[in-house]
Structures are given as C-alpha cells and as structure tokens.
Amino acid sequence: MEDSSHNSDRMHLDRVVFFGRTLSEYVKFFDLDLSQWQKCQILDCPSGAASFAAEANQMGIQAVAGDLLFNLDAKLLIDKGKADFNHVVERVSLVSHLYNWEFYGGFAGFKEARQTAFQRFAQDYETGLKAGRYIKAELPNLPFADKSFDLVLSGHFLFLYSDYFDYTFHLHSIFELYRVCSREVRIYPLQGMNAKQYQFMNNLLSDLKSKSIVSEIVTVSWEFQKGSNQMLRLRR
C-alpha cells in the first residue's frame with residue numbers, strides 16, 4: 001500500500017481497523033432522535049469498538065452490535081483495539097488538514113473521545129457477549145432473520161473503505177442491511193478516506209431504485225472529516 005507520507009490527500013490505513021465512536025457521536029452523524037426508537041430493536045453493524053450498544057442498553061434501548069471480530073475473547077479483542085487505536089491516531093495526525101477539529105476541541109480531544117468509546121465498549125464486552133448484545137456478523141451475509149431490527153446503523157465502514165472492497169461487495173452489503181431492517185437503514189459517511197464522495201454513488205442509487213428500495217441522501221449536523229456531512233438513508 002502507498003505510504004501515507006507520500007500522499008497528503010487521504011488517510012491511509014494498512015488494515016480495516018477495530019475502532020469505535022460514542023453514542024453522542026452516533027446521534028449526530030446518524031441524525032438520531034433516540035426518543036423515537038425507545039421500544040425498538042437497533043442493529044449497529046459493523047460496530048467495531050463503538051460504545052453505542054453499551055450506552056443505548058443503559059438507556060433502555062435494545063441495541064445489538066454485530067462485528068466480524070465478536071468471536072474473539074476479551075483480551076485478544078482489547079489488545080487489537082489498543083493497537084488499532086494507536087494506528088489510527090498516528091495516521092490521522094499525518095493528514096490533520098482533512099479534518100475539522102471544532103467538535104473535539106483539537107487533536108487531544110479527539111484521542112480522548114476515542115479512548116472513552118473504547119473503554120466503555122471494553123467494560124461491556126464480556127457481559128454483553130453473554131447477554132447476546134455482541135454477535136459475530138460479517139457483511140455481506142448477516143446471521144439475522146429478515147426484518148429483525150427496526151433500525152440498522154452502519155458507520156465508518158462502507159464507502160470509507162472503498163479502496164479495499166469493490167462495488168459488488170458494497171451493493172450486496174447494503175442489500176443485506178436492508179434485508180434485516182423493518183423500517184430504516186442509515187449509513188455514514190458517504191466519503192472515502194480521500195474525503196471525496198463514493199465514486200459509484202449514482203450507480204448505487206440506481207441499483208437500489210431498481211429493487212424498489214427507497215433511498216435518499218440526508219445532510220447531517222456532523223462534519224469531522226471535511227465534506228462528510230451526509231448519510232444514506234433507506235426506508236421501507
């Protein structure tokens with residue numbers, strides 16, 4: 001992979017990272033009014049090390065986190081999370097001009113928010129695993145029945161890793177997220193690591209329409225990566 005020091009127009013990661021955000025961040029970039037989803041089933045997939053499921057369940061919201069790595073024991077998963085945290089922080093620092101730092105109050109605040117999400121996730125993982133809150137799930141084939149969840153959230157994976165996965169993977173993954181939802185799917189961001197919109201977005205919207213899937217691009221009140229202030233919403 002191209003070395004990040006030779007190209008400052010994108011962030012470069014050498015792998016899909018196990019990384020996460022907090023519930024308060026989910027509220028912003030998924031444009032969530034949690035009062036509307038109090039008695040609903042929510043899926044976060046792939047969730048990475050997000051604390052959304054842990055925090056949502058503390059609020060009485062039934063949230064499940066799905067991720068490829070949720071077959072690992074806690075120590076292995078936490079060790080990977082720590083290594084990936086360091087990797088992401090180092091790579092973000094090399095292209096800090098691609099980001100708006102106002103929400104976090106600077107780079108130190110960004111690191112603190114990421115650590116908070118990871119700590120909340122790590123504290124909940126073993127308990128949540130036993131409770132069925134964390135389930136091994138890998139796109140584009142999810143281990144859930146049709147319309148299992150009222151709301152499906154998918155953040156910082158599809159489109160962001162468009163250099164790693166082809167269009168067919170993205171399309172089939174989105175069909176699968178839609179299959180397991182009964183009301184809505186929300187996907188954020190629509191940009192890759194170069195802060196530019198997914199190049200096949202028009203193809204995707206056309207293919208969704210051909211399957212009679214209602215989709216729209218929605219502006220949200222969140223823009224950490226410059227230009228990344230939109231999500232894709234699918235509705236039944």
Side-chain angles (χ1 to χ4, degrees), residues 1 4 11-30 32 41-96 99 103-139 141-144 149 152-158 160-161 164-165 173 177 188-189 193 224-225:
M1 179 169 292
S4 60
M11 181 175 68
H12 287 270
L13 298 174
D14 64 15
R15 58 188 179 270
V16 175
V17 294
F18 188 68
F19 202 63
R21 281 91 186 160
T22 62
L23 181 143
S24 64
E25 290 167 304
Y26 271 49
V27 166
K28 289 182 178 293
F29 55 68
F30 284 124
L32 284 175
Q41 296 273 353
I42 300 177
L43 172 66
D44 177 19
C45 183
S47 68
S51 59
F52 175 77
E55 294 184 75
N57 277 276
Q58 288 176 351
M59 297 169 59
I61 297 171
Q62 295 181 316
V64 169
D67 196 279
L68 168 65
L69 299 181
F70 289 161
N71 61 333
L72 298 180
D73 69 48
K75 184 183 185 306
L76 284 173
L77 197 58
I78 289 168
D79 285 348
K80 176 169 173 52
K82 289 176 179 177
D84 284 355
F85 169 83
N86 291 330
H87 181 55
V88 173
V89 167
E90 184 255 337
R91 293 305 174 98
V92 168
S93 72
L94 294 173
V95 288
S96 60
Y99 299 90
F103 177 80
Y104 298 112
F107 190 70
F110 163 73
K111 288 176 63 176
E112 183 179 352
R114 298 285 66 71
Q115 288 171 327
T116 296
F118 183 68
Q119 288 166 358
R120 289 173 180 167
F121 161 78
Q123 290 168 359
D124 187 58
Y125 179 64
E126 287 189 282
T127 301
L129 199 62
K130 294 173 184 173
R133 192 155 54 243
Y134 298 101
I135 296 174
K136 183 181 186 297
E138 181 179 5
L139 289 169
N141 298 296
L142 300 178
F144 307 114
F149 301 92
V152 175
L153 305 174
S154 188
H156 298 93
F157 177 63
L158 295 172
L160 186 66
Y161 287 95
Y164 298 65
F165 301 98
S173 293
L177 294 171
Y188 175 90
M193 292 184 195
F224 175 46
Q225 183 190 43

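Nothing fancy with the numbering, it's 1 onward along the sequence.
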From [atom1] ([X]) to [atom2] ([Y]), nearest 0.5 Å:
X: Cys45; Y: Leu158; atom1: SG; atom2: CG; value: 9.0 Å
X: Ser173; Y: Phe157; atom1: OG; atom2: CZ; value: 6.5 Å
X: Met193; Y: Tyr164; atom1: CE; atom2: OH; value: 4.5 Å
X: Glu55; Y: Thr116; atom1: CD; atom2: OG1; value: 9.0 Å
X: Ser93; Y: Phe107; atom1: OG; atom2: CZ; value: 5.0 Å
X: Arg91; Y: Asp84; atom1: CZ; atom2: CG; value: 11.5 Å

Margin query: Taking the basic N atoms (NZ, or NE/NH1/NH2) and the acidic carboxylate oxygens, is any pair closer than 4.0 Å for Glu25 and Arg114?
Written below: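 A salt bridge links Glu25 with Arg114.
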
Checklist line | Carboxylate-amine/guanidinium proximity below 4.0 Å for Arg120 and Asp124 | finding: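 Looking at Arg120 and Asp124, the cut-off is not met.
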
If we only count heavy atoms from C-beta on, is the [X] to [Y] side-chain gap below 4.5 Å?
X: Arg15; Y: His87; value: yes
X: Tyr125; Y: Ile78; value: no
X: Arg133; Y: Thr127; value: yes

Next item on the list: Kindly indicate, with the supporting measurements, whether the criterion side chain to side chain contact (heavy atoms under 4.5 Å, CB included) is fulfilled by Leu43 and Leu153.
Entry: CA-CA 6 Å; Leu43 172 66; Leu153 305 174; over 6 Å; no

Atom of [X], atom of [Y] and distance for their closest heavy-atom approach:
X: Leu129; Y: Phe70; answer: CD1-O, 3.7 Å
X: Ala65; Y: Ala53; answer: CB-CB, 4.0 Å
X: Thr22; Y: Ala117; answer: CG2-CB, 3.7 Å

Next item on the list: Under the side chain to side chain contact (heavy atoms under 4.5 Å, CB included) rule, what do Arg21 and Tyr26 come out as? Steps first, then yes or no, please.
Entry: CA-CA 7 Å; Arg21 281 91 186 160; Tyr26 271 49; 3.9 Å; yes

Next item on the list: Begin with the C-alpha distance, continue with both residues' side-chain angles, and end with the deciding distance and a verdict on side chain to side chain contact (heavy atoms under 4.5 Å, CB included) for Phe19 and Phe118.
Entry: CA-CA 8 Å; Phe19 202 63; Phe118 183 68; over 6 Å; no

Item checked: Any pair counted as side chain to side chain donor-acceptor pair (under 3.5 Å), so long as it reaches residues 57-67, sequence neighbours left out ->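 Found Gln41-Gln62.
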
Is it the case that the ring center of [Y] lies less than 6.0 angstrom away from the ring center of [X]?
X: Phe18; Y: Phe85; value: no
X: Phe103; Y: Phe110; value: no
X: Tyr188; Y: His156; value: yes
X: Phe121; Y: Tyr134; value: yes
X: Phe29; Y: Phe224; value: no

Item checked: Leu69: which of Lys136, Glu138, Lys80 passes side-chain contact (heavy atoms from CB on, under 4.5 Å) ->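 Of all the options given, the one that passes is Lys80.
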
Notebook entry, point to check: side-chain contact (heavy atoms from CB on, under 4.5 Å) with Phe149: which of Val64, Ile42, Leu142, Asp44?
Noted result: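 When Val64, Ile42, Leu142, Asp44 are each tested with Phe149, the side-chain contact (heavy atoms from CB on, under 4.5 Å) holds only for Val64.
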
Margin query: Atom CD of residue position Glu126 - does it have more than 12 heavy atoms of other residues, nucleotides or ligands inside 6.0 Å?
Written below: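 Open.
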
Notebook entry, point to check: For Lys28, does the NZ atom have more than 12 heavy-atom neighbours from other residues, nucleotides or ligands under 6.0 Å away?
Noted result: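 Open: at most 12 neighbouring heavy atoms sit under 6.0 Å from NZ of Lys28.
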
Next item on the list: Carefully, step by step, assess Phe52 and Val27 under the rule side chain to side chain contact (heavy atoms under 4.5 Å, CB included).
Entry: CA-CA 10 Å; Phe52 175 77; Val27 166; over 6 Å; no

